[in-house]
Number of protein chains: 2
Amino acid sequence: MKVSELSRRARVPVPTIKFYLREGLLPGGATTGRNQADYSEAHLERLELIRALKEEAGLSLETIARCLRAADANKRHFVTAAIDAIERYSGRPVDARSAAYRSAVSQVAAVCRKRGWNVSARDASVKDAARALCAIQRSFPYTDDERTLRAYFDAAELLAQNEVPEGWTPEDAPAGSLRFAILGTVLFEPFLLALRRAAHVSRTRSTP
Amino acid sequence: MKVSELSRRARVPVPTIKFYLREGLLPGGATTGRNQADYSEAHLERLELIRALKEEAGLSLETIARCLRAADANKRHFVTAAIDAIERYSGRPVDARSAAYRSAVSQVAAVCRKRGWNVSARDASVKDAARALCAIQRSFPYTDDERTLRAYFDAAELLAQNEVPEGWTPEDAPAGSLRFAILGTVLFEPFLLALRRAAHVSRTRSTP
């Protein structure tokens with residue numbers, strides 16, 4: 001289809017499509033002439049995915065681009081690559097060369113390894129966890145934190161087991177799988193945090 | 001002590017202290033003369049708490065003020081009131097008068113009640129959870145979501161049980177308890193989200 005038809009069907013204005021093409025969020029169409037290209041159903045799916053991530057999850061275009069590029073660059077594990085690329089650390093910046101940060105990375109990676117998680121210190125999620133742990137340890141410099149940290153790993157495992165069932169494989173439709181994985185990851189985050197606060201409120205309120 | 005001594009000991013400039021006084025973040029001192037007031041150790045503690053929440057947790061002054069006012073207004077459960085006032089919903093805004101939102105509030109409150117949580121639809125954390133649930137249901141309009149949601153309540157319960165031990169009571173020092181509760185709530189949030197992503201990455205990567 002021509003770009004005008006793509007625009008109409010995806011309900012995305014042509015200038016926005018051209019912007020996505022320039023930024024690499026949308027792969028180019030097959031060239032059919034000077035200034036003309038042919039777009040496929042895959043382009044339409046991709047455009048709808050970008051719209052969903054922007055409007056439903058409120059992700060920045062920068063984050064969307066990073067997730068989609070990561071998925072494109074890793075055909076075999078495109079969903080995994082996209083989730084890891086979400087990278088949404090919202091705490092205070094941490095110096096990646098500091099001893100505290102490097103020690104936190106080792107600490108998180110070691111617990112993951114002990115639990116048999118298939119992640120390493122190269123994963124963005126592990127780095128994000130280490131950044132957060134750095135900030136925690138700066139404010140609460142207790143040493144015997146094994147028990148508190150363990151509950152967090154347990155909770156994360158519980159959630160992942162429920163959301164990625166044994167034997168899960170991405171659907172045949174990459175856009176559908178990406179939508180499910182990225183939106184699912186992002187939309188459930190505020191839900192989890194609010195419930196944790198509710199559980200805290202409940203327990204502190206119940207004390208004498 | 002005089003405001004100048006308070007400023008020196010808390011390492012907070014006098015104009016900032018005056019701003020906090022005007023905004024109600026810091027209670028006024030005992031008047032000792034025209035334009036003179038006497039400040040106590042409690043003022044110093046409060047100032048140090050504000051600095052910690054701003055610098056360590058990166059909270060906005062607006063959020064800090066809301067938490068401290070909530071704590072001040074509820075002497076008996078000041079920690080609970082402060083946690084509930086954190087209110088950090090980061091998703092897309094939700095119309096509080098919509099049927100979808102009201103239904104989500106009832107749904108969350110009902111599950112909390114069934115689990116014996118001491119919270120209600122009036123709590124900010126329950127409202128935040130309902131807002132997040134609204135956004136989830138808009139994107140994933142499945143009906144049989146009991147199982148997925150249950151894992152989130154389980155995870156929240158697990159964390160709260162670890163962080164608020166049975167028989168917990170706030171310390172004698174209100175500033176210490178508030179610092180622990182507010183900072184602990186906020187600093188562990190990015191840690192939890194990053195670990196959840198790591199667990200997802202691990203599980204999706206392990207599929208064939």
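Heavy-atom basis, side chains included; hydrogens, waters and symmetry copies ignored. The sequence lines fix the lettering, A, B, ..., with proteins before strands; numbering per chain opens at 1. Values in this document were obtained by computation on a predicted structure and should not be read as measured data.
Atom CG of A:Leu192 sits about 7.5 Å away from atom CG of B:Leu159, to the nearest 0.5 Å. To the nearest 0.5 Å, atom CG of residue B:Leu158 and atom CZ of residue A:Arg150 are 10.5 Å apart. Here B:Ser139 contributes atom OG and A:Phe180 contributes atom CZ; the two are 11.5 Å apart, rounded to the nearest 0.5 Å. For the atom pair A:Gln161 CD and B:His200 NE2, the distance stands at 10.5 Å (nearest 0.5 Å). Note that CG of B:Leu133 and CZ of A:Phe191 are 5.0 Å apart. Values are rounded to the nearest 0.5 Å.
One N or O on the side chain of A:Arg196 and one on the backbone of B:Thr185 form a donor-acceptor pair closer than 3.5 Å. With hydrogens and angles ignored, the 3.5 Å screen pairs a side-chain donor or acceptor of A:Arg203 with a backbone N or O of B:Val164. Side-chain atoms of A:Arg205 come within 3.5 Å of backbone atoms of B:Asn118 as a donor-acceptor pair (strictly under, hydrogens ignored).
The contact list for residues 48-57 of chain B toward chain A, using heavy atoms and a distance under 4.5 Å, reads B:Glu55, B:Glu56 by residue number.
Using a 4.5 Å heavy-atom threshold, the side chains of A:Leu193 and B:Leu193 count as touching.
Closest approach of B:Ser125 and A:Ala198 over heavy atoms only: OG-CA, 3.4 Å. Taking all atoms of both residues into account, the shortest heavy-atom contact from A:Ser202 to B:Trp117 is OG-CA, 3.4 Å. A:Ala155 and B:Ala155 get closest at one heavy-atom pair: CB-CB, 3.9 Å. Of all the heavy atoms in A:Thr204 and B:His77, the pair that sits closest is O-CD2, 4.1 Å. The two residues B:Leu195 and A:Ala129 come nearest to each other via the heavy atoms CD2-CB, 3.9 Å. Among all heavy-atom pairs drawn from B:Ala156 and A:Ala199, the shortest one is O-CB, 3.6 Å.
Of the listed residues (B:Val186, B:Val79, B:Val119, B:Val126), the greatest number of heavy-atom pairs within a distance under 4.5 Å of chain A belongs to B:Val119. Chosen from A:Cys112, A:Gly184, A:Ala181, the residue pairing most often with chain B at heavy-atom distances under 4.5 Å is A:Gly184.
The aromatic rings of A:Phe188 and B:Tyr152 sit parallel to each other, their planes meeting at less than 30°, with 60° as the upper class boundary.
For a residue to count as touching a neighbouring chain, one of its non-hydrogen atoms must lie under 4.5 Å from one of that chain's; by this rule B:Asp123 touches chain A with the side chain only. For a residue to count as touching a neighbouring chain, one of its non-hydrogen atoms must lie under 4.5 Å from one of that chain's; by this rule A:Asp154 touches chain B with backbone and side chain alike.
Every side-chain hydrogen bond (donor to acceptor under 3.5 Å, both in side chains) that B:Ser60 has, sequence neighbours left out, goes to B:Thr63. Not counting sequence neighbours, the partners of A:Asp95 by the side-chain hydrogen bond (donor to acceptor under 3.5 Å, both in side chains) test are A:Arg97.
Contacts classified as side chain to side chain donor-acceptor pair (under 3.5 Å) and involving residues 16-25 of chain B (residues at least two apart or in different chains) are not found.
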